[in-house]
Number of protein chains: 2
Amino acid sequence: MTTVLIADDQPMQRFGFRMLLESQDDMTVVGEASNGTEAIRLVDRHHPDVVLMDIRMPGLDGIEATRRIVAAGARTRILIVTTFDLDEYAYDGLRAGASGFLVKDAQPEELLAGVRAVASGDAVVAPSLTRRLLDAYIHHLPESGAPGPSPEDARLGALTDREREILTVIGQGWTNAEIAERLHLAESTVKTHIGRILAKTGARDRVQAVILAYDTQLVTPA
Amino acid sequence: MTTVLIADDQPMQRFGFRMLLESQDDMTVVGEASNGTEAIRLVDRHHPDVVLMDIRMPGLDGIEATRRIVAAGARTRILIVTTFDLDEYAYDGLRAGASGFLVKDAQPEELLAGVRAVASGDAVVAPSLTRRLLDAYIHHLPESGAPGPSPEDARLGALTDREREILTVIGQGWTNAEIAERLHLAESTVKTHIGRILAKTGARDRVQAVILAYDTQLVTPA
DNA sequence: GCGGGCGTAGTACCTGGGTACGACGGGGAA
DNA sequence: TTCCCCGTCGTACCCAGGTACTACGCCCGC
């Protein structure tokens with residue numbers, strides 16, 4: 001019997017997963033979590049074989065939750081199932097230690113097959129992603145020892161901590177004057193930082209920087 | 001017995017809905033459609049009491065499908081169930097003739113209650129939407145009281161189609177000059193539109209407008 | 001010790017963006 | 001028909017933002 005934990009912030013989605021899984025006589029759902037923190041807690045309590053993990057969840061997201069569960073040494077396998085077939089997500093997710101990555105528009109049978117695969121130690125990736133993922137991997141091969149906690153997007157990787165911090169508040173919609181005031185800086189300093197951010201990321205102006213911040217999940221939609 | 005048709009492009013979502021509905025002894029699912037065209041065809045064939053209609057579907061979307069089904073004089077009631085709680089969608093959907101609008105992160109019980117409500121001729125709107133929808137409606141009503149300047153509006157609901165279009169491309173990072181060129185407009189016209197967008201949304205500048213666009217899913221991360 | 005990255009700060013300059021107007025044609029609603 | 005919304009375009013003005021450059025203290029690695 002394969003035990004499964006469902007982590008998704010949408011009740012209907014969880015319901016669908018639960019019904020599907022419970023309809024199989026070799027699977028059982030041992031819990032449901034609506035965010036990453038809850039998922040970690042329930043994994044710690046129930047030690048499920050597989051976690052169906054959504055990425056977009058309030059608070060702690062699925063990627064980070066995956067990272068922590070894997071880092072904690074749990075034998076639980078993570079199968080990421082998300083709405084968006086973004087290669088960057090897949091990449092981050094697999095780097096975080098997930099055993100698989102499927103998109104929600106997969107057929108129910110595919111999902112069941114995926115659960116069984118990761119439960120038995122295999123890895124699965126949505127067919128629509130395989131190619132791009134492979135390309136991404138090849139591209140990232142030369143980089144062997146990635147320092148720091150989270151490398152994230154290539155373009156953001158070159159930013160310093162301070163620059164990432166500045167970019168984050170730009171993504172909050174703050175003006176240079178506000179940034180200077182709230183971060184206790186001179187406005188000229190803020191401009192210097194922003195100039196470097198734009199140069200490093202290739203963004204033309206703060207608007208494109210904000211878009212980049214959203215696209216790379218540096219900031220997330222409210 | 002209430003007969004229901006499910007129209008959603010995601011198989012797993014359909015599965016969840018079907019399981020939920022079939023678990024009720026006063027409901028039965030008479031068909032599933034994965035796009036608007038198919039939904040229209042199946043409504044014509046089965047004449048269901050209620051259609052659970054998703055908005056985002058390939059080809060003919062849920063709004064247009066709703067419009068055509070209602071226009072065809074079918075006694076079928078449409079209950080729009082979508083991922084995004086955008087007032088503009090709700091507004092469009094209800095204008096198109098839908099009897100209700102719920103978001104997918106609703107509790108299953110809410111959804112069942114919604115189906116029963118529209119089947120019996122009532123209208124339902126997700127609680128999270130009611131207030132904004134009301135604001136939008138009030139704005140479209142003939143003014144009787146003190147008109148005044150009223151510079152501020154709730155959110156995207158008050159935007160015209162053109163303004164929403166402009167906001168979308170701002171969210172792509174385009175400059176005013178680029179917008180003017182690619183949309184075959186004068187830059188002054190672009191500025192006029194943007195000025196109105198900022199006034200209506202309450203955003204201070206285009207950066208905050210972009211943030212709003214992302215937060216409301218008008219534009220989605222790449 | 002020395003170079004270099006980082007964070008800080010300044011000056012000078014120029015451009016894009018936003019504001020505040022006014023104006024006009026078309027089309028739908030009263 | 002009349003009125004008003006919408007989309008269009010224009011001019012003038014001001015300022016936040018971005019560029020370009022220099023500079024200094026700190027800390028780290030070599």
Side-chain angles (χ1 to χ4, degrees), chain A residues 145 147-148 156-213, chain B residues 88 91 95 136-153 156-213:
Chain A
L156 260 45
L159 297 184
T160 66
D161 289 342
R162 191 55 157 170
E163 285 159 1
R164 230 187 313 270
E165 187 182 0
I166 300 285
L167 178 51
T168 303
V169 296
I170 292 176
Q172 309 298 321
W174 299 10
T175 63
N176 290 348
E178 288 171 342
I179 297 173
E181 184 191 346
R182 303 187 199 182
L183 261 51
H184 307 295
L185 293 175
E187 193 169 335
S188 62
T189 303
V190 175
K191 285 192 175 186
T192 301
H193 281 306
I194 293 179
R196 285 201 263 262
I197 291 171
L198 299 183
K200 287 183 180 178
T201 59
R204 178 172 50 196
D205 49 39
R206 69 201 291 115
V207 175
Q208 292 195 348
V210 167
I211 293 171
L212 179 67
Chain B
E88 54 166 323
Y91 188 67
R95 283 205 58 163
Y137 251 112
I138 287 169
H139 227 270
H140 284 266
L141 284 177
E143 54 213 342
S144 54
S150 76
E152 80 296 324
D153 255 293
L156 297 188
L159 296 185
T160 67
D161 288 342
R162 193 56 158 169
E163 286 160 358
R164 237 188 312 270
E165 187 182 1
I166 301 285
L167 179 51
T168 302
V169 297
I170 293 176
Q172 309 297 321
W174 298 11
T175 63
N176 290 348
E178 288 173 342
I179 296 173
E181 185 191 346
R182 304 189 198 182
L183 261 51
H184 307 291
L185 292 175
E187 193 168 333
S188 61
T189 304
V190 176
K191 285 190 173 188
T192 301
H193 282 306
I194 293 179
R196 286 200 262 261
I197 291 171
L198 299 184
K200 288 182 179 179
T201 59
R204 178 173 48 197
D205 48 41
R206 69 202 289 114
V207 175
Q208 292 194 348
V210 167
I211 293 170
L212 179 66

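The sequence lines fix the lettering, A, B, ..., with proteins before strands; numbering per chain opens at 1.
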Please lay out, stage by stage, how B/T189 and B/H193 fare under the test side chain to side chain contact (heavy atoms under 4.5 Å, CB included). CA-CA 6 Å; B/T189 304; B/H193 282 306; 3.8 Å; yes
Base of C/dT8, side chain of A/R196 - is there a donor-acceptor contact under 3.5 Å?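 By the distance-only test, yes, there is a pair.
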Taking N and O atoms by type only, does the side chain of B/T192 place a donor or acceptor under 3.5 Å from a partner on the base of D/dC9? yes
Check B/A203 against B/A209 and note the closest heavy-atom contact, atom names and distance. CB-N, 3.7 Å
For the residue pair A/L159 and A/L167, what are the closest heavy atoms and their distance?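 Heavy-atom minimum between the residues: CD1-CD2, 3.9 Å.
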Between B/A186 and B/D205, the residue closer to the 5' end of DNA chain D by nearest nucleotide is B/A186
Choose from C/dC6, C/dT19, C/dG17 the nucleotide whose nearest atom is closest to any side-chain atom of B/T175. C/dG17
Per B/T189 side chain, nearest of listed nucleotides C/dC6, D/dC9, D/dG18: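 Comparing C/dC6, D/dC9, D/dG18 against the side chain of B/T189, the answer is D/dC9.
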Can you measure [X] atom [atom1] to [N] atom [atom2] for me and round it to whole angstrom units?
X: B/N176; N: C/dG16; atom1: CG; atom2: P; value: 10 Å
X: B/D161; N: D/dC5; atom1: CG; atom2: C1'; value: 13 Å
X: A/E187; N: C/dG10; atom1: CD; atom2: C1'; value: 12 Å
X: A/W174; N: D/dA16; atom1: CH2; atom2: C1'; value: 18 Å
X: A/K191; N: D/dA23; atom1: NZ; atom2: P; value: 20 Å
X: B/I166; N: D/dT8; atom1: CD1; atom2: P; value: 7 Å
X: A/L185; N: C/dG10; atom1: CG; atom2: P; value: 11 Å
X: A/R206; N: C/dG16; atom1: CZ; atom2: C1'; value: 13 Å

With B/N176 as reference, evaluate B/R206, B/E187, B/K191 under the side-chain hydrogen bond (donor to acceptor under 3.5 Å, both in side chains) test and give the passing residue. B/R206
What's B/S188 touching, base or sugar-phosphate or nothing? Going by heavy atoms closer than 4.0 Å. base
State, yes or no, whether a side-chain contact exists between A/T168 and A/Q172 at a heavy-atom distance under 4.5 Å. yes
